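These values consider heavy atoms only, across backbone and side chains, with no hydrogens, waters or symmetry-generated copies. In this text, all values refer to a predicted model and were calculated from it rather than measured experimentally.
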Protein chains: 2
Amino acid sequence: MATIRGKPREDVPVQARGTARFDIILDAAEQVFGTGYAGASMREIAERAGVAQALIHYHFDTKEKLFEAVIARRASEINGQRAQMLDALFAGDDAPRLEEVIEALFRPTIAVDHDNANSFSRILVSAANSAEERDQLLVQRYYDPIALKFIDAFMALTPGLARMNAVWAYMFAIGVGMTMMATTGRPLRLSGGECDDRDVEAMLARIVPFICAGVRALADGDPHIGPRNDH
Amino acid sequence: MATIRGKPREDVPVQARGTARFDIILDAAEQVFGTGYAGASMREIAERAGVAQALIHYHFDTKEKLFEAVIARRASEINGQRAQMLDALFAGDDAPRLEEVIEALFRPTIAVDHDNANSFSRILVSAANSAEERDQLLVQRYYDPIALKFIDAFMALTPGLARMNAVWAYMFAIGVGMTMMATTGRPLRLSGGECDDRDVEAMLARIVPFICAGVRALADGDPHIGPRNDH
DNA sequence: GTCTATAGTTCGATAGAC
DNA sequence: GTCTATCGAACTATAGAC
């Protein structure tokens, strides 16, 4: 495939040479979109993929549709795993612990078996916090359904947790998870080298108890304060 | 000032007409940068400010320096308030509650008395989660110092909270705060209309107990689980 | 399906008059 | 200090050959 062209493309990874251009483009787009939608250029994606820019438009039409394709591919994979883990937890005879549910929420996001995991995480963090209609529509389409499942799980496992507070708790939990997905290197700076946000295990070990305690604190009858009685 | 020009500029807000162009440009830039750095254009900023595009370069030189000027203006205001509130809390005879410290962390961010508050919040959320060197440098310069103060406060008020876990807790707390500053409208969707992320009081009433419980869960000897014994 | 070439816009920044 | 006018580069998308 690469042999019919004038100059060989050494820039294309070896394992990708035999696959369809379609997927090569998606991989390249994932990397480039990781620096932001507006800042990404079709030219750079084409260069990184080692294809002509026009080919991207042939396969994906517009930049916006390419962006959605990048998200759709990973989201279905990740959220499929999430739903599967969540169902498995509730399949047993007795109820799971909230800690296990939080694990099911974050493990699939970080454990995807590709080297672009970090790029996709950044795309997601950006989209989740965006005010752009394009981003909000994608979050709604690909992430709202699984969010509702986790909100139900929060309520099922936390006595006295009203739906309203379960929704807030889910939003807060996702916010905490962003910290892990953004991998800005800031924890390293603030801790003088002790906290590494590339060490997902060390982070998860703190995130899980942090969120679980937070969720339980929003349940009725929790010893701690806060005027939360308007539900 | 507007009278010496050929056509009067009705698009400029009344209260801004008498002020210097310098501040008008900063306000316009804040609004436009709220949709992202790369996506923002100097042309749109100039239009919104009602000035010539060249004037922006005269005052701020480059787009990048204008962006920093926007952040610097608000950051000094907000973080000054934060430091003041934090010092006041620890000035008394007995130690404050952790809840009060969390309030001091978020109140100044949302209570700034200008109508661009939402735009600046979005700029901040984007910068805090960015992998771009430009953004990380700004966070480091304008937000790391105050972060260290709050991390110290977390430790002082939470027996058994190691520095490492205090840093993680601070990162998680900021992550939760992002939920409030992003104002994506997602809580409204997920709750069927009950949870409004534009209602900052309702959010703070949940955020404070959520974070406080999370911070305490990362202290040694907390009844809850998690392999956090590697510090 | 993939390419080259380019049309048509928009961008950041500058030159130079006032 | 503020403007008009414009340069040169980068952008998305398309036309058309193979």
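Side-chain atoms of A/Thr109 and A/Met180, non-hydrogen and from C-beta on, never get closer than 4.5 Å to each other. Under the 4.5 Å side-chain criterion, counting only non-hydrogen atoms from C-beta, B/Ile211 is not in contact with B/Phe172. Between B/Phe120 and B/Arg73 there is no side-chain heavy-atom pair separated by less than 4.5 Å.
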Report all interatomic pairs (protein N or O, nucleotide N or O of nucleotides 15-18 of chain D) with separations under 3.5 Å.
none

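Heavy-atom minimum distance, B/Asn129 versus A/Asn129: ND2-ND2, 3.0 Å.
With respect to B/Arg48 and B/Asp27, no salt bridge is recorded, no charged nitrogen being found less than 4.0 Å from a carboxylate O. Ion pairing of A/Glu68 with A/Arg134 is absent here, as no side-chain N (NZ or NE/NH1/NH2) approaches a carboxylate O to less than 4.0 Å. Taking the charged nitrogens against the carboxylate oxygens, A/Asp197 and A/Arg186 have no contact shorter than 4.0 Å, which rules out a salt bridge.
The side chain of B/Leu55 approaches D/dG1 more closely than any other nucleotide in the set D/dA13, C/dC3, D/dG1. Listed nucleotides: C/dG1, C/dC3, D/dT2. Nearest to the side chain of A/Ala52: C/dC3.
If you measure from atom CD of A/Glu47 to atom C1' of D/dA10, you get 12 Å, rounded to the nearest angstrom. Taking atom CD on B/Gln53 and atom P on C/dT10, their separation rounds to 13 Å, with Å as the unit. Rounded to an integer number of Å, the gap from NE2 of B/His59 to C1' of C/dA13 is 16 Å.
When the side-chain nitrogen and oxygen atoms of B/Tyr58 are compared with OP1 and OP2 of D/dG1, one or more of them lie within a distance under 4.0 Å. The side chain of B/His57 contributes no N or O atom lying less than 4.0 Å from OP1 or OP2 of C/dA15.
In this pair, B/Tyr37 and B/Phe67 present their aromatic rings perpendicular. The plane angle is above 60°, beyond the 30 to 60° band.
With A/Lys65 contributing its side chain and A/His57 its backbone, the two residues share no donor-acceptor pair below 3.5 Å. Looking at A/Ser76, its side chain does come within 3.5 Å of a backbone N or O of A/Ala72 through a donor-acceptor pair. In this structure a side-chain-to-backbone donor-acceptor pair under 3.5 Å is present from A/Arg206 to A/Ala202.
A heavy atom closer than 4.0 Å to some atom of DNA chain C occurs in no member of residues 61-72 of chain A. Non-hydrogen atoms lying under 4.0 Å from DNA chain C are contributed by nothing in residues 32-46 of chain A.
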